[in-house]
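Everything below concerns the one structure shown next.
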Amino acid sequence: MDAIAEAPREVLRIVERLEEAGFDTWAVGGVVRNHLLGHDLGDWDLTTRATPREVMRLFKRTVPIGLDHGTVGVLGEDRTLFEVTTFRKDVEPMGRRAVVEFAERIEDDLARRDFTINAIAWHPLRKEFLDPFAGSDDLDRRVLRTVGEAGERFSEDVLRVLRGLRFAAAFDLTIAQDTWVALCDAVDQLDILSGERVREELLKVFGARRPSGALSLYAASGVLSFLYPEIDADADEWSLALLACDGLSASRPILRFTAVLGVSADGPGTPAERAAALMGRLRFSNADVRLVTRLLDAPPVPSAEAEEVDRRRWLSTVGPELVEPLGRLSAARARARRAVLAHPADDTVAAWRGVRATRRQRPPLTLDDLAISGDDLITLGHAPGPNFGGALQSMLDSVLDDPARNTAEHLSTMAAEILGAPAVKGGS
Ligand code: ATP
Ligand code: MG
């Protein structure tokens with residue numbers, strides 16, 4: 001095992017101070033694993049014998065991140081935040097949730113970690129590894145294995161099922177036989193997890209380089225049909241959805257999620273309704289649910305041969321802010337089809353070229369684009385009332401047919417036809 005050449009100065013400073021005060025302190029988890037894999041190190045997480053109270057006493061600037069879990073944030077001089085967590089051990093191994101208490105020894109702390117590859121410690125001052133579960137051998141052989149008896153470890157915290165599938169995919173690991181069997185057995189305990197914890201895991205999956213890795217393992221292990229029992233994609237449709245998902249940017253996890261939620265499903269309701277129900281169970285934000293349902297509900301883009309007016313109406317229906325994400329989604333799906341199917345029947349590219357050309361002409365598409373507003377109608381002398389909405393909508397309708405009608409003059413005439421003559425002559 002090659003030593004970690006350089007710990008950031010701030011890490012060394014924090015460890016020195018804790019060690020000088022007599023507290024054994026190690027770097028652990030992702031940073032050590034990533035180093036051994038030759039990946040970017042990521043965040044340095046430290047674990048120490050000092051209690052949170054003692055950590056807070058030793059450092060001037062601290063943030064109580066999760067005192068229940070023993071985690072204190074220590075602000076470096078450069079204002080980066082390092083998580084310092086007190087050694088812990090599991091005291092109720094078979095419970096629904098692991099009950100944790102502070103421990104005296106790093107070995108106990110490593111023993112309660114989920115997978116051997118995540119249970120390697122590195123001492124930044126003494127420059128030594130501590131690897132009691134041979135995690136580095138597993139990394140060398142590319143194997144994912146639980147620390148200790150797999151069945152117990154998954155029932156202690158069933159989130160480890162999802163974490164394991166994510167790690168196996170991210171680092172291209174084979175899941176050890178006993179770990180795999182226990183993992184699959186634990187799938188039906190997933191319902192005890194809070195929606196929030198599952199959501200955060202899914203967002204990590206969809207933020208990874210290639211979500212298809214973890215999602216394929218979700219399918220193989222039964223996680224997929226547990227989380228989303230309605231799903232009924234045939235193999236081709238599912239693999240197209242995965243390809244499309246991978247083809248979208250990692251910075252757009254919700255868009256990638258949408259690509260997967262668009263696959264066929266059984267049961268009542270539209271795809272958008274089923275997606276909303278699933279996302280509600282998983283406590284996604286209302287904004288995310290709304291974005292996904294609008295994307296799934298969007299009518300198909302007009303073909304290249306469609307009339308201009310059809311494109312304007314389509315743009316108006318989906319809403320200008322949805323055009324960009326819909327375009328990306330549709331392009332990713334088209335690329336996936338081209339990669340897989342011998343003769344993709346596809347005019348997507350041409351259809352979108354048409355939509356973009358229409359958009360470049362900046363036709364009026366929304367009520368905001370109208371040359372006349374509700375306020376203008378009042379200024380013109382129309383009594384404010386419930387008819388305004390309908391009148392403006394009719395104006396928009398007419399302007400969508402012919403953008404040349406979008407003038408104050410034409411629309412005020414139209415308003416008078418719909419709402420009756422204004423009481424006083426106003427305006428200009
Ligand atoms: P990354 O942050 O890159 O996803 P990581 O390994 O740092 O990977 P974290 O979720 O940040 O993952 O957790 C840090 C460490 O804490 C893990 O490496 C693991 O040792 C331990 N850990 C986290 N969650 C659990 C859990 N549910 N059960 C047991 N150990 C866990
Ligand atoms: Mg981490």
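In listed order, ligands and their atoms are each counted from 1.
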So R199 and S194, side chain to side chain donor-acceptor pair (under 3.5 Å) or not? Walk me through it.
CA-CA 9 Å; R199 177 196 64 214; S194 70; over 6 Å; no
Tell me, which residues have any heavy atom less than 4.0 Å from some atom of ligand 1?
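Residues within 4.0 Å of ligand 1: G29, G30, R33, R112, R113, D114, N118, D157, R160, R163, R166, F167.
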Name every donor-acceptor pair, under 3.5 Å, that has one atom in a side chain of residues 170-181 and the other anywhere in the protein, sequence neighbours excluded.
unit_1 : atom_1 : unit_2 : atom_2 : d
T179   : OG1    : T146   : N      : 3.2

Hey, are the side chains of E273 and P268 touching, using non-hydrogen atoms and a 4.5 Å cut-off?
no
Do F284 and F257 have their ring centres less than 6.0 Å from each other?
yes
Who passes salt bridge (Lys or Arg N to Asp or Glu O under 4.0 Å) against D108, sequence neighbours left out?
R105
Salt bridge (charged side-chain N to carboxylate O under 4.0 Å, His left out): pairs with one or both residues in residues 126-136, sequence neighbours excluded
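Every pair satisfying salt bridge (charged side-chain N to carboxylate O under 4.0 Å, His left out) with a residue in residues 126-136: R126-E128.
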